[in-house]
Undergrad: 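A single structure is presented below for examination.
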Amino acid sequence: MDSEKPPFRRSQAWFGRQDRDGFVHRSWIKNQGYPHDLLDGRPIIGICNTWSELTPCNGHFRELAEFVKRGVYEAGGFPLEFPVMSLGETQLRPTAMLFRNLASMDVEESIRGNPIDGVVLLMGCDKTTPSLMMGAASCDLPTIGLSGGPMLNGKFRGKDVGSGTGVWQMSEMVRAGEMTMAEFSSCESDMHRSSGTCMTMGTASTMASMVEALGMALPENAAIPAADTRRKRLAQLTGRRIVEMVKQDIKMSQIMTRQAFENAIRTNAAIGGSTNAVIHLLAIAGRIGVDLKLEDFDKLGSEVNNILNLQPSGKYLMEDFCYAGGLPAVMREILPMLHGDALTVNGKTIRENVANAPCYNRDVIKTVDDPFMPAAGIAVVRGNLAPNGAVIKPSAASKHLLQHRGPAVVFESIEEFHAKIDDPDLDIDENSVMVLKNCGPRGYPGMAEVGNMPLPPKVLKKGITDMVRISDARMSGTAYGTTVLHTSPEAAAGGPLAVVQNGDMIELNVPERKLHLEISDEELARRLALWKSPEKPKRGWYKLYVETVQQAHLGADLDFLVGGSGAAVPRDSH
Ligand code: FES
């Protein structure tokens with residue numbers, strides 16, 4: 001590719017005019033102290049920032065943006081930072097996922113409506129990555145993703161503790177009477193002790209890895225800790241590179257091809273990534289026009305060995321992953337399974353980027369021949385209980401439960417679950433199958449991360465730590481257990497999950513990819529005919545969302561947002 005200017009730079013439709021509107025566009029920008037020559041036709045780089053004190057994982061992004069700007073200036077571009085809706089996983093109710101598509105609309109329209117030639121996406125906490133990738137994909141300008149990086153390892157009483165995973169483990173210990181509430185609370189200040197995202201292989205780390213595996217970020221984006229100066233250096237290099245990408249006119253659609261998504265799916269299996277990657281990659285693919293299906297995750301990823309010994313499936317944390325070589329070392333190990341020719345944002349192929357990537361710790365990053373866990377990618381199960389599929393992450397499940405048959409214990413809502421689960425008289429034991437309804441995209445609304453229901457105390461007290469759980473919800477990427485998730489259609493859309501009753505026998509057979517409710521077709525049809533849709537929200541975003549959200553197997557995007565509208569310059573504003 002040559003470095004010549006493309007024939008048209010869209011920012012010049014604002015700044016390159018010698019008329020009244022050109023005056024308006026330039027003059028108001030100059031009120032921030034910028035000299036005139038920054039508007040002389042050089043690439044204008046939008047820095048799409050999800051900084052917010054209510055998104056603590058992205059709390060360091062104002063500083064990170066300054067390093068991106070350094071790089072943009074060095075390369076002869078002009079950076080302009082802009083905010084978009086920021087989604088904080090730990091604070092936002094009812095669930096950050098309810099707003100992923102809303103934030104993506106903000107990103108898309110902010111990019112298209114402004115004088116921007118190329119974009120750097122500053123992403124960190126779980127939903128901030130897919131929302132920015134989705135919105136930017138619908139515009140399809142030259143774009144680079146830059147993740148904020150994980151937190152340093154949590155340290156509690158001399159041991160490592162992982163974000164989320166440690167919370168789930170210790171809260172189960174409290175419920176089992178093995179830890180006091182005071183001991184549990186004393187970990188609060190120790191688990192999260194630096195800026196950055198969850199340092200387990202949760203959804204944030206998974207999605208940062210997916211951005212890198214897709215070729216949409218510079219190598220090493222996924223694992224460098226937020227507090228490590230190398231993260232700032234990466235930001236500066238990202239700023240330099242996006243200017244070159246604009247000059248070379250390399251668009252997102254040239255990088256995010258079907259091959260890139262296949263690379264991402266295989267990489268997700270190799271890192272034992274979150275089930276949330278399924279729903280987000282489906283949605284991103286939908287925006288860029290790549291035909292990706294739920295089955296692709298099973299077909300391409302389920303036989304790939306997990307070679308990364310990281311929590312929640314394994315032992316280590318993201319800081320260890322970085323020091324062991326990071327994602328390039330994983331991708332080098334699975335390179336024969338990848339499309340090595342896929343282009344990445346630095347202008348090189350995946351093969352060129354990772355072929356010589358070193359590994360410094362084989363206990364953290366294993367090999368394909370001596371994996372951490374064999375064939376551990378995401379499995380898609382189907383049957384009369386999930387006609388459009390449901391997902392399970394075998395690497396986070398108990399092996400002996402991957403084939404299980406047991407009676408259903410049904411909870412119509414998460415509130416009912418919380419009200420009943422600690423009741424010693426609840427008719428439940430370790431053979432039961434816990435069924436949670438109305439937590440899908442429409443039902444919650446927003447498809448909350450409640451699928452990893454805590455176990456009842458009377459089961460925990462027997463020393464049992466896992467049971468089969470089925471829902472239309474999602475699960476935190478930091479969580480674990482034999483949990484069937486994303487059941488589609490969901491209960492609130494009239495899926496068969498809605499009519500499961502206490503005592504119904506359910507068979508889960510992951511090797512055969514089967515999820516079966518043992519009632520006759522006639523009985524199932526009879527129950528479904530009696531089912532009544534829950535009341536729908538009457539106004540605002542909730543109403544628009546519930547009326548237009550697609551089911552989980554399609555990525556839970558709004559139906560009218562699938563695809564893109566490009567980045568043609570909109571009509572004049574004055
Ligand atoms: Fe923000 Fe985990 S809560 S990354």
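Heads up: numbering here begins at 1 and tracks the sequence. Atoms within each ligand, like the ligands themselves, are counted from 1 in listed order.
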Undergrad: What atoms of ligand 1 come closer than 4.0 angstrom to any heavy atom of E89?
TA: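 Contacts of ligand 1 toward E89, numbered from 1: 3 (S).
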Undergrad: Charged N to carboxylate O below 4.0 Å: is that the case for E108 and R287?
TA: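 Here E108 pairs with R287 in a salt bridge, since their nearest N and O are under 4.0 Å apart.
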Undergrad: Salt-bridged, R100 to D126, with N to O below 4.0 Å?
TA: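 No, this pair does not count.
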Undergrad: Check step by step if salt bridge (Lys or Arg N to Asp or Glu O under 4.0 Å) holds for R362 and E333.
TA: CA-CA 11 Å; R362 277 291 169 215; E333 191 56 35; 3.8 Å; yes
Undergrad: In this structure, are over 12 heavy atoms from other groups packed under 6.0 Å from Y360 atom OH?
TA: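 Check fails, neighbour count at 12 or below.
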Undergrad: Test R157 against E183 for salt bridge (Lys or Arg N to Asp or Glu O under 4.0 Å), laying out the working first.
TA: CA-CA 11 Å; R157 297 182 171 173; E183 287 174 309; 3.8 Å; yes
Undergrad: Which ligand 1 atoms, with their elements, are less than 4.0 angstrom from a heavy-atom of D126?
TA: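 Near D126, the atoms of ligand 1 are 2 (Fe), 4 (S).
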Undergrad: At a 4.0 Å threshold, what atoms of ligand 1 neighbour a non-hydrogen atom of A204?
TA: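 Answer, ordered by atom number: 4 (S).
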Undergrad: Nearest protein heavy-atom contact for atom 2 (Fe) of ligand 1: which residue, which atom, what distance?
TA: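 Nearest neighbour among protein heavy atoms for atom 2 (Fe) of ligand 1, to 0.1 Å: C198 SG, 2.1 Å.
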Undergrad: Can you list the atoms of ligand 1 that are under 4.0 Å from a heavy atom of C125?
TA: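 Contacts of ligand 1 toward C125, numbered from 1: 1 (Fe), 3 (S), 4 (S).
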Undergrad: Which ligand 1 atoms, with their elements, are less than 4.0 angstrom from a heavy-atom of T90?
TA: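 With T90 as reference, the close atoms of ligand 1 come out as 3 (S).
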Undergrad: Classify the contact between C57 and ligand 1 as side chain, backbone, both or neither, using a heavy-atom distance cut-off of under 4.0 Å.
TA: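 Near ligand 1, C57 shows its side chain, while the N, CA, C and O stay back.
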Undergrad: For the pair E66 and K232, find out whether any cationic side-chain nitrogen is under 4.0 Å from an anionic carboxylate oxygen.
TA: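 Salt bridge flag = no for K232 with E66.
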